[in-house]
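Taking it in order: structure first as C-alpha cells, then the write-up.
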Amino acid sequence: MIVCEVCINEERDIVTARQKAREAAKDMNFGLVDQTRIITAVSELSRNIYEHAGKGRVVIEVISNGSQKGLMFSFIDEGPGIEDIDLVMREGYTTGKGMGLGLPGSKRLMDYLSITSQVLKGTKVVIKKWV
C-alpha cells in the first residue's frame with residue numbers, strides 16, 4: 001500500500017521526504033533508533049537524487065511478508081545512471097562533494113537495499129526496514 005510520494009525537485013524537498021518517512025515510521029510503531037536509521041537513509045538517498053539527477057521521486061509504501069510488516073522506500077530518477085554499482089557501494093567512493101557514505105551507509109542502516117540503473121536513463125534504489 002502506497003503511503004505517499006514525494007517529488008524531489010528542490011533541496012527543500014529532501015526535508016519533506018524525511019518528514020514523511022518519520023511520520024510513516026512512527027505510524028508503523030518503529031522504535032526511536034529505527035526511526036532515526038530510516039530518516040537518515042531517506043535523507044541520504046533523497047539527496048543523491050537531488051545532487052546527481054536533479055529531480056526524481058520517493059515512493060513510501062507499507063509492505064508485509066506474512067505476519068511481518070515494514071516500510072519500503074523507492075528512490076526513482078531519470079538522471080545519468082550509475083555505470084558501476086559495485087564501485088558506488090564502496091565506502092569513500094564519491095562523484096560529488098560528499099564523503100561517499102550515502103549508499104553503503106544506507107545499506108547498513110536498513111534491512112534491504114537494491115539498486116537498478118541504466119546509464120543515461122536513470123536509477124532506482126529500493127530500501128526496506130521491517131518492524
Side-chain angles (χ1 to χ4, degrees):
M1 176 181 74
I2 294 178
V3 174
C4 71
E5 185 172 320
V6 179
C7 291
I8 305 293
N9 295 313
E10 303 175 28
E11 191 168 13
R12 67 180 176 187
D13 296 331
I14 298 166
V15 175
T16 302
R18 194 169 44 224
Q19 289 169 339
K20 295 294 183 183
R22 175 183 296 136
E23 290 170 15
K26 283 178 82 172
D27 288 348
M28 293 285 297
N29 294 320
F30 279 94
L32 192 56
V33 172
D34 279 339
Q35 287 180 38
T36 303
R37 289 178 176 140
I38 290 167
I39 293 163
T40 302
V42 167
S43 184
E44 290 289 336
L45 298 174
S46 297
R47 181 164 298 285
N48 279 355
I49 289 175
Y50 177 71
E51 289 184 354
H52 298 285
K55 62 181 181 178
R57 59 192 167 101
V58 181
V59 180
I60 303 173
E61 296 176 70
V62 173
I63 56 173
S64 66
N65 182 9
S67 62
Q68 197 174 25
K69 290 192 174 190
L71 287 172
M72 180 169 81
F73 302 86
S74 300
F75 302 83
I76 304 159
D77 69 63
E78 296 177 358
I82 300 171
E83 218 170 286
D84 186 339
I85 292 173
D86 290 335
L87 183 60
V88 299
M89 290 306 295
R90 290 188 195 158
E91 284 192 21
Y93 176 79
T94 182
T95 58
K97 300 174 190 168
M99 297 171 54
L101 299 174
L103 284 167
S106 295
K107 183 176 182 178
R108 275 196 316 276
L109 294 170
M110 302 299 285
D111 295 325
Y112 173 87
L113 181 143
S114 73
I115 303 171
T116 53
S117 186
Q118 285 187 300
V119 173
L120 302 178
K121 292 194 174 184
T123 301
K124 181 176 182 179
V125 178
V126 175
I127 56 175
K128 296 177 185 175
K129 191 72 171 174
W130 299 103
V131 175

Atom pair [atom1]/[atom2] of [X] and [Y] - distance to nearest 0.5 Å:
| X | Y | atom1 | atom2 | answer |
| --- | --- | --- | --- | --- |
| R57 | I49 | CZ | CD1 | 9.5 Å |
| L120 | E83 | CG | CD | 9.0 Å |
| T116 | K124 | OG1 | NZ | 6.5 Å |
| I85 | S117 | CD1 | OG | 5.5 Å |

Cut-off 3.5 Å, no hydrogens considered: what does the side-chain donor-acceptor table look like for residues 4-11, sequence neighbours left out?
residue: E10; atom: OE1; partner: R12; partner atom: NE; Å: 3.0
residue: E10; atom: OE1; partner: R12; partner atom: NH2; Å: 3.4
residue: E11; atom: OE2; partner: R47; partner atom: NH1; Å: 3.1

Count I, L, V, M, F, W, Y as connected when their side-chain heavy atoms are under 4.5 Å apart, and connections chain through other members. Are [X] and [Y] then in the same cluster?
| X | Y | result |
| --- | --- | --- |
| I127 | Y112 | no |
| V3 | L45 | yes |
| I115 | V58 | yes |
| M1 | V131 | yes |

If you apply the rule side-chain contact (heavy atoms from CB on, under 4.5 Å), what do you find for I14 with V42, and how did you get there?
CA-CA 8 Å; I14 298 166; V42 167; over 6 Å; no
Show me, pair by pair, the donor-acceptor contacts under 3.5 angstrom made by side chains of residues 62-82, not counting sequence neighbours?
residue: D77; atom: OD1; partner: G79; partner atom: N; Å: 2.8
residue: D77; atom: OD1; partner: T123; partner atom: N; Å: 3.3

For I2 and E61, the nearest pair of non-hydrogen atoms, with its separation, is CG1-CG, 3.7 Å
Table please: side-chain donor-acceptor pairs of residues 21-35 below 3.5 Å, with sequence neighbours left out.
residue: D34; atom: OD1; partner: R37; partner atom: NH1; Å: 2.9
residue: Q35; atom: NE2; partner: F30; partner atom: O; Å: 2.9

Report yes if some heavy atom in the side chain of M89 is under 4.5 Å from a heavy atom in the side chain of L113; otherwise report no.
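Answer yes - side chains close enough.
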